[in-house]
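Structure first, then comments.
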There are 2 protein chains.
Amino acid sequence: MKNNKEVVHCIVDYGFKRVGGKYKGRILWVLRDSVLRYGELKRAIVGVTPKMLTQTLRELEVDELVSRKVYLEVPPKVEYALTKSGQELIPFIEQLRIWAKNQMEQKNITVNSL
Amino acid sequence: MKNNKEVVHCIVDYGFKRVGGKYKGRILWVLRDSVLRYGELKRAIVGVTPKMLTQTLRELEVDELVSRKVYLEVPPKVEYALTKSGQELIPFIEQLRIWAKNQMEQKNITVNSL
DNA sequence: TACAAAATAGTAAGTACTTGCAGTAAATAT
DNA sequence: ATATTTACTGCAAGTACTTACTATTTTGTA
C-alpha cells in the first residue's frame with residue numbers, strides 16, 4: 001500500500017488504510033493470543049510468499065500495530081507480537097469475524113484451509 | 001477486487017474481502033443513516049471517479065450489502081441503501097472508526113476533507 | 001570443507017486495481 | 001432542433017500490488 005497513504009479523506013478511510021491489504025487482517029488475528037516467530041507466521045498464514053509476509057510485517061511495524069523482536073542468534077530468530085494499538089484492534093476484527101461467520105453460514109460458503 | 005475472491009483462507013479473510021477496497025468502507029459509512037442517490041454519493045465520497053463509484057456499488061450490490069432502487073424517470077434516479085447485512089456491518093465500522101480516531105489524535109494526523 | 005537453518009533483501013515480471021476520456025439514453029426546457 | 005440532466009458503460013492507459021526467483025548472513029554439524 002504505497003497508495004496515497006497521506007491523503008486521508010475521513011476517519012473511516014484512515015482506519016481502513018491501516019488494516020486493509022491482503023494479509024494484514026489475518027496476521028493481526030493470528031497474533032491475537034500468541035507471540036510468533038517469522039516461520040510460524042509463515043505457516044499460519046497459508047498462501048503468503050515470504051516476500052509479502054516480510055513486507056506486510058514491516059508496514060504493520062511502521063504503523064505500530066506489531067512489534068518485532070530480534071534475537072541475535074544463528075540461525076536467526078525474530079518474534080512478532082501485537083503492540084497495544086494492535087491489541088485494541090482485536091475486538092474490531094472479532095466483530096467482523098462474527099459478521100463474516102453469519103454471512104458464510106447464510107451463503108453456505110466454506111473455507112479452503114483452517 | 002477480481003482477486004481470488006473464491007479462495008477464502010479463513011473467516012477473517014472472508015470478512016475483509018467483502019469490506020476491503022478503496023471506497024467500500026466510506027460508502028457503507030455514509031449510507032448508515034440515509035438513502036442516497038448516485039449523485040449524492042458521488043459528492044459525499046470525495047475523490048471517487050464516477051466509474052469507480054459505479055463499479056464499487058455493483059460489488060456491494062452483488063455481495064448484498066447495498067440495495068439499488070431504480071426509478072423509471074427521466075432524467076434517471078437511482079437510490080442506494082444498506083441492506084440488512086450492510087446494516088449489521090455498521091457497528092463494526094463504528095468500532096474501527098473509534099480506534100482510528102484515537103490513533104489519529106495520538107499521531108496528530110488531520111483529515112484532508114470533511 | 002561443504003551443508004543446513006531462519007529470516008530476510010533485491011529485482012524483474014505478472015496481475016489487479018484505478019483513472020481518464022468518450023459516448024449513450026430519454027424526456028423536458030429553450 | 002438543440003441543450004440539459006442523471007446515471008451510467010466501454011476501452012485503453014496508468015499505477016499499485018504480488019509473485020517468482022536469486023542471493024545473503026552466520027555458526028554448528030557431517
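By convention in this document, chain letters (A, B, ...) are assigned in the order of the sequence lines, proteins followed by strands, and residues within each chain are numbered from 1. Here the structure is a predicted model, which is why all the values come from computation and not from measurement.
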Between D/dA13 atom C1' and B/Met52 atom CE, what is the distance in whole Å? 16 Å
Assign A/Tyr80 to base, sugar-phosphate, or nothing according to its heavy-atom contacts below 4.0 angstrom with the strands shown. sugar-phosphate
Reckon A/Arg68 has a side-chain N or O less than 4.0 Å from the OP1 or OP2 of C/dT8? yes
Heavy-atom side-chain contact between A/Ile90 and A/Phe92 under 4.5 Å: no
Quiz item: cation-pi between B/Arg18 and B/Phe16, 6.0 Å / 45°: no
Quick check on D/dT22: is either OP1 or OP2 less than 4.0 Å from any side-chain nitrogen or oxygen of A/Lys51? no
Taking NZ, NE, NH1 and NH2 as the nitrogens, is one of them in A/Arg32 or A/Glu94 under 4.0 Å from a carboxylate oxygen of the other? no
Closest to side chain of B/Thr49, choosing from C/dG20, C/dT8, D/dT18: C/dG20
Of C/dT18, D/dA7, C/dA6, the nucleotide closest to the side chain of B/Pro76 is D/dA7
Check this for me, if you would: do B/Lys84 and B/Glu64 make a salt bridge, where the nitrogen-to-carboxylate-oxygen distance has to be below 4.0 angstrom? no
I need the NZ-P distance between B/Lys17 and D/dC17, as an integer number of Å. 17 Å
Do B/Tyr38 side-chain atoms and B/Pro50 backbone N/O form a donor-acceptor pair below 3.5 Å? yes
Numerically ordered, the residues 27-42 of chain A set in heavy-atom contact under 4.0 Å with DNA chain C is A/Arg37, A/Tyr38, A/Gly39
Between B/Gly47 and B/Pro75, which has a closest nucleotide on DNA chain C that is more 5'? B/Gly47
Any side-chain heavy-atom pair of B/Leu53 and B/Leu41 under 4.5 Å: yes
